[in-house]
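These notes are about the structure you will find just below.
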2 protein chains.
Amino acid sequence: MRIATFNVNGIRAAERRGFPGWLAERTPDVLAVQEMRCPSGEVPDVFAGYHLVHDAGMIAGRNGVALATRTAPSAVRIGFGSKEFDREGRYVEVDLDPADGPLLRVASVYVPKGGTPFEDEASLAKMQRKFRFLRSFARHLSATRREAAREGREFVVMGDWNIAPTELDLRNWRTNRRSEGFLPEEREWIAGIQSPRTLVDVVRHHRHGEDGPYSWWSWRGKAFDNDAGWRIDYQLATPRLARSAIVTGTDRDLSYDTRISDHAPVVVDYDV
Amino acid sequence: MRIATFNVNGIRAAERRGFPGWLAERTPDVLAVQEMRCPSGEVPDVFAGYHLVHDAGMIAGRNGVALATRTAPSAVRIGFGSKEFDREGRYVEVDLDPADGPLLRVASVYVPKGGTPFEDEASLAKMQRKFRFLRSFARHLSATRREAAREGREFVVMGDWNIAPTELDLRNWRTNRRSEGFLPEEREWIAGIQSPRTLVDVVRHHRHGEDGPYSWWSWRGKAFDNDAGWRIDYQLATPRLARSAIVTGTDRDLSYDTRISDHAPVVVDYDV
DNA sequence: CCTACAAGG
DNA sequence: CCTTATAGG
């Protein structure tokens with residue numbers, strides 16, 4: 001079973017840049033998408049063969065998450081019960097009851113970007129907003145994971161977390177110690193929602209100790225060519241599922257002429 | 001002597017679309033440009049070999065007129081003495097004293113678009129504004145033409161007039177009788193500033209009685225392919241100069257792969 | 001159906 | 001250095 005997460009940075013732009021070819025070659029069973037940046041009525045016809053659950057949110061041209069699944073969802077949830085964040089297109093969650101595999105709950109999340117809190121008022125406000133999201137979202141994760149467990153479901157929540165968890169997860173960690181996305185409080189939070197008995201960072205578990213693989217590179221300069229990236233997209237899975245991963249990585253190495261997005265897809269093959 | 005006028009619809013976009021190749025092939029002695037849509041500091045380096053007089057105006061990303069001349073101007077004027085319109089990047093005028101030809105005054109104008117006055121308040125206001133421009137501009141034309149005459153200068157004022165003068169000047173004139181750009185009052189105005197002793201529409205004089213040649217086609221649909229265009233860009237010249245025209249036309253027929261702009265250049269070779 | 005700009009990343 | 005939205009054409 002192949003599960004992928006991909007911040008496409010605008011599904012309409014991604015279509016032009018080769019998303020359909022990527023999907024045809026990789027054909028994940030489940031694909032979590034972030035930054036659709038597209039009204040539901042204008043999503044290009046690139047998810048043929050999938051059941052698509054899409055929350056565009058209410059802010060035109062921004063955010064937007066989706067789940068494309070080969071199996072039809074048996075339940076769908078949009079948002080995670082937050083008054084502040086549920087209408088922004090940041091979270092969708094579906095249950096899957098496939099004929100030939102374990103019961104599953106999968107989720108696609110797009111964590112807000114913060115601001116560098118030392119810069120100005122607006123940046124500080126953005127960072128505080130990010131932490132409000134994180135606190136609220138942690139409660140939901142805990143609850144939905146437990147509920148999934150009671151139903152005998154494995155659970156995988158994936159997306160763009162906008163946090164690099166450790167020094168292994170960004171190329172220039174020394175210069176970014178005070179940068180948004182690598183602040184101590186953010187790293188504490190992402191560590192705090194993981195444990196060997198609750199949720200496991202699948203790629204890191206499978207490729208522990210190595211640098212990267214990064215999933216995002218700035219468009220500017222030669223960040224991509226120099227692999228000066230960040231690993232901010234990942235899949236957190238329940239332990240049994242996480243340990244079943246047999247191939248993990250990003251599609252940075254796949255031979256596509258054009259970069260589809262500033263993020264690379266994060267793809268995991270689970271042996272279930 | 002070759003004189004051209006070209007509404008480039010954004011000089012930066014025009015550069016990408018082949019403007020440098022066009023200029024290299026046509027090499028007018030004088031080029032009037034409209035809709036530069038570009039701050040003066042960011043004009044691409046496409047006018048090498050020309051003296052460039054550019055008024056970007058104060059509205060970011062809109063309007064902007066220029067004159068590119070092989071001869072260095074002996075005088076430059078920006079605007080035509082209108083409080084309302086002089087800072088919008090709609091008029092530049094220069095005097096040229098070439099070694100090998102007549103004394104000249106040349107001008108580049110971008111007449112405001114109106115609105116269809118039967119539609120709504122905003123459209124009516126735009127049309128009224130256009131007429132305020134026209135009334136004020138007519139006074140300037142009359143004065144500057146006389147001044148040029150006193151100095152022994154021929155005068156040519158050219159640009160995007162946003163008025164099709166007669167039924168010969170737009171493909172679908174029947175359906176556009178109540179459209180902005182072909183209103184009776186607009187046609188009266190453009191007729192009123194012309195006469196065999198003052199200013200002459202050079203292309204129309206040289207190719208009188210024929211349909212077109214059009215200089216603008218909507219980007220939408222197949223307007224260009226069907227030649228469903230308007231002749232709204234033209235050169236008005238003092239009679240002696242106008243009668244000296246030996247080749248007149250637009251570059252609609254030149255074999256360029258891409259349309260540089262929604263307007264075509266209007267090029268006249270004067271035998272002086 | 002293009003052009004710019006603006007705001008967000 | 002990309003994306004989208006928006007106003008203007």
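All values below come from the heavy atoms of this structure, side chains included, with hydrogens, waters and symmetry mates left out. What you are looking at is a predicted structure, and each value in this text was computed from that prediction instead of being measured. Just so we're on the same page: letters track the sequence lines, and every chain starts at 1.
Under the side chain to side chain contact (heavy atoms under 4.5 Å, CB included) rule, B/Gln34 has a single partner from B/Asn7, B/Val111, B/Val8, B/Asn162, which is B/Asn7. Paired with A/Lys113 under the rule salt bridge (charged side-chain N to carboxylate O under 4.0 Å, His left out), one option of A/Glu35, A/Glu186, A/Glu180 passes, and it is A/Glu180.
Using a 4.5 Å heavy-atom threshold, the side chains of B/Phe85 and B/Tyr91 count as separate.
Cation-pi check for A/Arg187 over A/Phe182 is met; the charged atom lies under 6.0 angstrom from the ring centroid and within 45 degrees of its normal.
Spacing between atom CZ of A/Phe19 and atom P of D/dC2 amounts to 20 Å, rounded to whole angstrom units.
Between B/Arg17 and C/dC2 there is no side-chain N or O to OP1 or OP2 distance below 4.0 Å. For C/dT3, neither phosphate oxygen OP1 nor OP2 lies less than 4.0 angstrom from any side-chain nitrogen or oxygen of B/Arg259.
Listed here is the closest heavy atom pair of A/Arg177 and A/Leu183: O-CD2, 4.3 Å.
Here D/dT3 is the nucleotide among C/dT3, D/dT3, D/dA5 with the atom lying nearest to any side-chain atom of A/Arg16.
Remark: B/Arg252 engages B/Asp227 in a salt bridge, criterion side-chain N to carboxylate O under 4.0 Å.
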Which protein N or O atoms sit under 3.5 Å from an N or O of nucleotides 7-9 of chain C?
| residue | atom | partner | partner atom | Å |
| --- | --- | --- | --- | --- |
| C/dG9 | OP2 | A/Lys126 | NZ | 2.8 |
| C/dG9 | O6 | A/Arg220 | NH2 | 3.2 |
| C/dG9 | N1 | A/Arg220 | NH2 | 3.4 |

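Mapping A/Gly221 and A/Gly61 onto DNA chain D via the closest heavy atom, the residue that lands nearer the 5' end is A/Gly221.
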